[in-house]
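First the structure, in the form of structure tokens, and then the observations on it.
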Amino acid sequence: MELQHEWHRILQHPDGTVLKQLQPPPRGPREQEFYNKVYDSDCCDSILLELREYLPKYFGVWSPPTAPNEMYLKLEDVTRKFNKPCIMDVKIGQKSYDPYASAEKIQQQVSKYPLMEEIGFLVLGMRVYHVSSDSYETQNQHYGRGLTKETVKDGIAKFFHNGYCLRKDAIAASIQKIEKILAWFEGQKQLNFYASSLLFVYEGSCQATTVRLSDVTLAEKRGVPKGLLSGGDILEYNNNIHLINSTENGKIEASVSKGLSKFYALHKKAYSKRHHSQLSLKVENLEQDNVWKSSTCITQEHLNGNVIPQLEKVFCHMPAEIKESVNVEVRMIDFAHVFPSNAKDEGYIYGLKNLITVLQNILDN
């Protein structure tokens, strides 16, 4: 997880936590104090209790027996449940210096990214899994600092592109999670956050899943199911539908990935009776590579008219509970500059709103 300035000081522990080295005072103690306050077992402040949902879980501080003066925060590893985690760290707010910063510090922070005030966020780093090459592409903090008002949309879209297609499911799920954090900020006047980040994680792998709709049984297989979508409802929902080819009568053969299993668990009863005759999926053991080479991302040009509205049903009008099942995490991290306040955190709110707008624009295109 080497992402940016702070990630190189993060160690993964076999017990499913990460150890984040405490920064020198006053930053380290301030971050520790923040976690202690939010996770205090006697805490009965509803605002702080809700805030816990948006942070990594906190397990106190830890020091190695050999170096008792070295302090680490012990935190939940948000990436642990993912097979091929795609990770992005975005600093939020219009100022990345706190109210107590010296003139020198302010100048240093502003010069790092003069557009912070206008854009309200800065991509600090990303790591994206590319399906075709089975490898990760990483971008460091210089990538984000190079983004302008005009290029920030494409700059963020890059995080959601796996080399074949844009993961609109992950974008939609990310927007929903940011909106919950925004609602929390709109309702609190006790804390202001400077130089704090949102950590985005989504599942990059798409292992194929066998689906037999006659009895809706699921079995993991390396083979790729080829399904014909009939003229009726499109039954599949998955992380991303890859077109293998579209036939002249408007049927589409699609490879189906892992997200299906959750979808069918949700909709087993409703779908097995009504629709099993409409959709037949049979598994053929194709070499994964050959399938990927001939696959295309869904675009207007590749589809004939009558299929597009149905595909929009899949991408734009998924039932809420399906969107929820997409494996995406958005968590607040980096709290070395959190201060008590008696007003809304307008800078952070501005950044969240603009980030939502940018993500929505990527979706709408």
Using side-chain heavy atoms (C-beta onward) and a distance below 4.5 Å, is [X] in contact with [Y]?
X: V61; Y: L73; result: yes
X: I87; Y: D89; result: no
X: K344; Y: I349; result: yes
X: F121; Y: I156; result: yes
X: I171; Y: Y202; result: no
X: Q139; Y: V123; result: no
X: R167; Y: N162; result: yes

Straight-line distance of [X] [atom1] to [Y] [atom2], nearest 0.5 Å:
X: Q12; Y: D77; atom1: CD; atom2: CG; value: 4.5 Å
X: L198; Y: I178; atom1: CG; atom2: CD1; value: 6.5 Å
X: I47; Y: K189; atom1: CD1; atom2: NZ; value: 10.5 Å
X: E31; Y: Y58; atom1: CD; atom2: OH; value: 9.0 Å
X: H337; Y: S196; atom1: NE2; atom2: OG; value: 9.5 Å
X: K180; Y: I175; atom1: NZ; atom2: CD1; value: 15.0 Å

Can you list everything that forms a ring pair (Phe, Tyr, Trp, His ring centres under 6.0 Å) with Y143? Sequence neighbours excluded, please.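 By the ring pair (Phe, Tyr, Trp, His ring centres under 6.0 Å) rule, Y143 matches no residue at all.
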Residue set satisfying ring pair (Phe, Tyr, Trp, His ring centres under 6.0 Å) with F200, at least two apart, ordered chain then number -> none
So, the side chain of [X] versus the backbone of [Y]: is there a donor-acceptor pair under 3.5 Å, distance only?
X: R52; Y: V38; result: yes
X: S96; Y: M116; result: no
X: S111; Y: Q107; result: yes
X: Q176; Y: E179; result: no
X: E76; Y: P56; result: no

Quick check: are there more than 12 heavy atoms from other residues, nucleotides or ligands sitting under 6.0 Å from CD of E33? no
K81 atom NZ, over 12 foreign heavy atoms within 6.0 Å: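 More than 12 heavy atoms, drawn from other residues, nucleotides or ligands, come within 6.0 Å of this atom.
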Provide the closest heavy-atom pair for [X] versus [Y] in the form atom of the first, atom of the second, distance.
X: S63; Y: P68; value: OG-O, 3.4 Å
X: Y113; Y: L147; value: OH-O, 2.8 Å
X: R80; Y: H13; value: NH1-O, 4.4 Å

For the aromatic rings, using the six-membered ring if either is Trp, is the centroid distance between F185 and F193 under 6.0 Å? yes
Are F335 and Y35 an aromatic pair, judged by ring center distance below 6.0 Å?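 Ring-ring flag for Y35/F335: true, centres closer than 6.0 Å.
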Give the intermediate values and the outcome of ring pair (Phe, Tyr, Trp, His ring centres under 6.0 Å) for residues Y39 and F59. CA-CA 9 Å; Y39 283 95; F59 304 101; 8.3 Å; no
K105: which residues meet the side chain to side chain contact (heavy atoms under 4.5 Å, CB included) condition with it, sequence neighbours left out?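 Side chain to side chain contact (heavy atoms under 4.5 Å, CB included) list for K105, sorted by chain: A101, S102, Q108, Q109.
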Pair [X] + [Y]: basic N to acidic O under 4.0 Å:
X: D98; Y: R27; value: no
X: K168; Y: D364; value: no
X: E203; Y: K84; value: no
X: E329; Y: R331; value: yes

If you measure only the distance, is there a donor-acceptor pair under 3.5 Å linking the side chains of S197 and K91?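 There is no such pair (donor and acceptor under 3.5 Å, judged by atom type) between the side chains of S197 and K91.
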Between N83 and S205, is there a side-chain donor-acceptor contact under 3.5 Å, judged purely by atom types and distance? yes
Given the ring of Y136, does R127 sit roughly above its face, with NZ or CZ under 6.0 Å from the centre of the six-membered ring and within 45° of the axis? yes
Same cluster (ILVMFWY, side-chain, under 4.5 Å), L182 and I92: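 Same hydrophobic cluster.
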